[in-house]
Amino acid sequence: MTVNAPRGMPDILPGEIGRWHAVEARVRDFARRFGYREIRTPAVEHTEVFQRAVGSGTDIVDKEMYTFTDRGGRSLSLRAEGTAPVLRAFLEHNLGAGGLPVKLYYICPIFRYDRPQAGRYRQHTQFGAECIGAAEPAADADVLSLAVRLVQSLGLVRFEVHLSSVGDEVCRPGYTAVLREYYRPHLADLCEDCRRRFEVAPLRLLDCKREHDRRIARQAPRMLDHLCDPCRAHLNGVRAHLDAMGVAYTIDPLIVRGLDYYTRTAWEAVSETLGAQNVIFGGGRYDGLAGQLGGRPTPGVGFGMGLERLLLVLEQEGVALGGDPALDVYIATAGADATRALQLADRLRRAGIATDLEVTARGLRAQLKQADRLGARFALLLGEDEIRRGVATIREMATGAQDEAPLDALPDVLAARLRPEAIGKARG
RNA sequence: GUGGCCGUAGCUCAAGGGCAGAGCACCAGACUGUGGCUCUGGGGGUUGCGGGUUCAAGUCCCGUCGGCCACCCCA
């Protein structure tokens, strides 16, 4: 081993790519079913996009971004999060001009300089969906149901959606003050991190994992009890919609999202089988985000879903996904005439038949072994005898049954035998 | 960024100061034009990398890189 991939950025090898294709296909199908259109934004943004959207003071912006200065002296950052770039593009191209709401989705890599562990990578892939321009609770329920129905359709059972409201600019400041007053007498008992949180991010006090601090958190006043009337009505509206669709959730007052742009609705879907990194998708409403990015105030709601974690939990729960693409035909050459084998392969491929051929001229035994390994339905034998007579021997690998067909007729003959299961269809 | 455990063949793992091994995989032969089963043989390693201790280091020590697990944070 001389050089390896950067830390926390694993290769996805051919043996596992079938699982990715299966999940990505299902994601795109559900995005289509729910009326979302794909958007692709650059892998890098002006650093400012994330600073203004996610917020200085958050871990993502303060210590997890891949930030660099380009040759023109601009500060750029690898995409650290999915929603901010989409909103930036929405505003930049005035995508709302054609009428609101605009529903957009993406599948793209996200980069965060974090310490890798199970379910956490420095480059990971997110599927995200954003519904921009609708302030009503129905939009929240619509987006959230996309995520839930998608993972359910993949066979995921053991997960729970935790739902809450983080309030808005009207009620959150008041709640923060109440929370500080509650925590102030406990300050000496808290862990070091929590004493820091008390100053910079009091809401995250509720999220501490230490048992001692959790006990204090459980007794703390809750945002849900301090929502202003519009926020309360919004949450109740979302719940009513979800209930009507039969989308299950539990109200979890302790949910705290690590990004500053969230308002009102916030949710996390937590796996019961994953380790410490157990959030499969998380999201919520961000009515202030467009304004923070310098655009006209526009409400929005969306989520991000970690596809590596989704694959991980599906594997742990024993869900079977797509296998390798099947090979229809392998052309073996006994007597070594690469030109004729290539000509035949070319004709079969143009007829839509997945064809591989022998290019190393080894013994026939080894060639059939290769055909077997590749999972070919048929092996074609092209030897001196066959060439002289203008035919090829067709061997059905599963049974060993052999017959012959004229070279000219092979595309039709093979297509007919392959047709019952569509040509090139995935196996397994 | 902090802590713990671990890095030996393509893969899974032995060897715990004294000649680096096994199973699977790969290649070849038995079967001179026929895969899977069986048998026989073969190729493969700077023991992650660098330094140190020692007559002698996968083995002990230090550093570094990487993996896993947890903290933190998030998807």
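Chain naming here is simple, since letters A, B, ... match the order of the sequence lines and numbering starts at 1 in each. Just so you know, these numbers come straight off a predicted model, no measurement behind them.
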**OP:** Please state the C1' separation for the pair B:rG44 and B:rU38 - nearest whole angstrom.
**Re:** 24 Å

**OP:** Let me know, please, whether A:Y113 or A:P116 comes out on the 5' side of the other along RNA chain B by nearest nucleotide.
**Re:** A:Y113

**OP:** Sticking with atom C1', work out how far B:rG58 lies from B:rA15, rounded to a whole angstrom.
**Re:** 8 Å

Subject >> Rounded P spacing from B:rC61 to B:rG7 in Å >> reply: 13 Å

**OP:** Take the protein atom CG of A:L381 and the nucleotide atom C1' of B:rG35, then report the distance between them rounded to whole Å.
**Re:** 11 Å

Original post:
Ring centroid separation for A:F127 and A:F303, is it under 6.0 angstrom?
Top reply: yes

**OP:** Select base, sugar-phosphate, or nothing to describe what A:G15 touches, counting heavy atoms under 4.0 Å on all strands.
**Re:** nothing

Original post:
Where the side chain of A:L364 is defined as all heavy atoms beyond and including C-beta, which of B:rC73, B:rU34, B:rA75 is the nearest nucleotide?
Top reply: B:rU34

Original post:
Judged by modelled atom types alone, do A:E358 and A:Y330 share a side-chain donor-acceptor pair under 3.5 Å?
Top reply: yes

**OP:** Specify the separation, in whole Å, of atom CG of A:L368 and atom P of B:rG35.
**Re:** 6 Å

**OP:** List in chain and number order the residues that pass salt bridge (Lys or Arg N to Asp or Glu O under 4.0 Å) with A:R52, two or more places apart in sequence or in another chain; answer none if no residue qualifies.
**Re:** A:E48

Original post:
Between atom CD in A:Q402 and atom P in B:rG35, what is the gap in whole Å?
Top reply: 10 Å

Original post:
If anything within 90° of 0 is syn and all else is anti, what is B:rG36?
Top reply: anti

Nucleotide N/O of nucleotides 29-31 of chain B paired with protein N/O under 3.5 Å:
unit_1, atom_1, unit_2, atom_2, d
B:rA30, N6, A:R365, NH2, 3.0
B:rC31, O2, A:R365, NH1, 3.3

Original post:
For A:R122 and B:rC65, what is the distance between atoms CZ and C1' respectively, to the nearest whole Å?
Top reply: 12 Å

Subject >> Proximity to the side chain of A:A276 - top-ranked nucleotide from B:rC69, B:rG33, B:rC71 >> reply: B:rC71

**OP:** Take atom P in B:rC68 and the same atom in B:rU8, then report the distance between them in whole Å.
**Re:** 14 Å

Original post:
Please, what dot-bracket string fits RNA chain B when only Watson-Crick and G-U pairs with both distances under 3.5 Å count, crossing ones use [ ] and pairs to another strand use |?
Top reply: (((((((..((((....[..)))).(((((.......))))).....(((((..]....))))))))))))....

Subject >> A:R149 CZ to A:M245 CE distance, which is reported to the nearest 0.5 Å >> reply: 7.0 Å

**OP:** For the residue pair A:R88 and A:T41, confirm or rule out a side-chain donor-acceptor distance under 3.5 Å.
**Re:** no

**OP:** Please measure how far the P atom in B:rG67 lies from the corresponding atom in B:rA57, and state the result in whole Å.
**Re:** 30 Å

**OP:** Send over the distance from A:D114 CG to B:rG1 C1', rounded to a whole Å.
**Re:** 10 Å

Subject >> Proximal nucleotide (of B:rU34, B:rC74, B:rG33) relative to the A:A334 side chain >> reply: B:rG33

**OP:** Select base, sugar-phosphate, or nothing to describe what A:Q123 touches, counting heavy atoms under 4.0 Å on all strands.
**Re:** nothing

Original post:
For the pair made of CD1 in A:I280 and P in B:rC74, what is the distance, rounded to whole Å?
Top reply: 17 Å

Subject >> Distance-only donor-acceptor check, side chains A:T263 and A:E169, under 3.5 Å >> reply: no

Original post:
Please give, in whole Å, the distance from B:rU34 P to A:E358 CD?
Top reply: 15 Å

Subject >> Span that lies between the C1' atom of B:rG10 and that of B:rC27, in whole angstrom >> reply: 14 Å

Original post:
OG1 of A:T67 to CZ of A:F50: how many Å apart, nearest 0.5 Å?
Top reply: 9.0 Å

**OP:** Starting from C1' on B:rG35, measure out to CG on A:L380 and report it in whole angstrom.
**Re:** 15 Å

**OP:** Identify whether any heavy atom of A:A269 sits under 4.0 Å from a base atom; if not, whether one sits that close to sugar-phosphate; answer base, sugar-phosphate or nothing.
**Re:** nothing

Find every protein N or O atom lying less than 3.5 Å from an N or O atom of nucleotides 2-6 of chain B, and list the pairs.
unit_1, atom_1, unit_2, atom_2, d
B:rU2, O4, A:R115, NE, 3.4
B:rU2, O4, A:R115, NH1, 2.9
B:rG3, O6, A:R115, NH2, 3.1

Original post:
Distance between the P atoms of B:rA22 and B:rG33, in whole angstroms?
Top reply: 33 Å

Original post:
Do you see a donor-acceptor pair shorter than 3.5 Å between the side chains of A:R112 and A:Y121?
Top reply: no

Original post:
Looking only at side chains, do A:S271 and A:N278 share a donor and an acceptor under 3.5 Å apart?
Top reply: no

Original post:
How far apart are the closest heavy atoms of A:Y106 and A:I39, and which atoms are they?
Top reply: CB-O, 3.6 Å

Original post:
Is there a donor-acceptor contact under 3.5 Å linking the side chains of A:H234 and A:D140?
Top reply: yes

Subject >> Interatomic distance at C1', B:rC37 relative to B:rU59, whole Å >> reply: 41 Å

Original post:
Going by atom types alone, do A:Y249 and A:D243 pair a side-chain donor with an acceptor below 3.5 Å?
Top reply: yes

Subject >> A:H186: partners by ring-ring contact (aromatic ring centres under 6.0 Å, His included), with sequence neighbours left out >> reply: A:Y182

**OP:** Consider only side-chain N and O atoms of A:Q343 and A:R340, and report whether a donor and an acceptor are under 3.5 Å apart.
**Re:** no

**OP:** Report yes if a donor N or O on one partner sits less than 3.5 Å from an acceptor N or O on the other, where the partners are the side chain of A:Q367 and the base of B:rU34; otherwise report no.
**Re:** no

Subject >> Parallel, tilted or perpendicular: ring planes of A:Y113 versus A:Y66, cut at 30 and 60 degrees >> reply: perpendicular

N/O to N/O distances under 3.5 Å, protein versus nucleotides 26-28 of chain B:
unit_1, atom_1, unit_2, atom_2, d
B:rC26, OP1, A:R373, NH1, 2.8
B:rC27, OP1, A:R373, NH2, 3.0
B:rC27, OP2, A:R373, NH1, 3.4

Original post:
Would you say the side chains of A:E45 and A:T47 form a donor-acceptor pair under 3.5 Å?
Top reply: no

Original post:
Hey, is the side chain of A:Q117 poking within less than 4.0 Å of OP1 or OP2 on B:rA70, counting only N and O atoms?
Top reply: yes

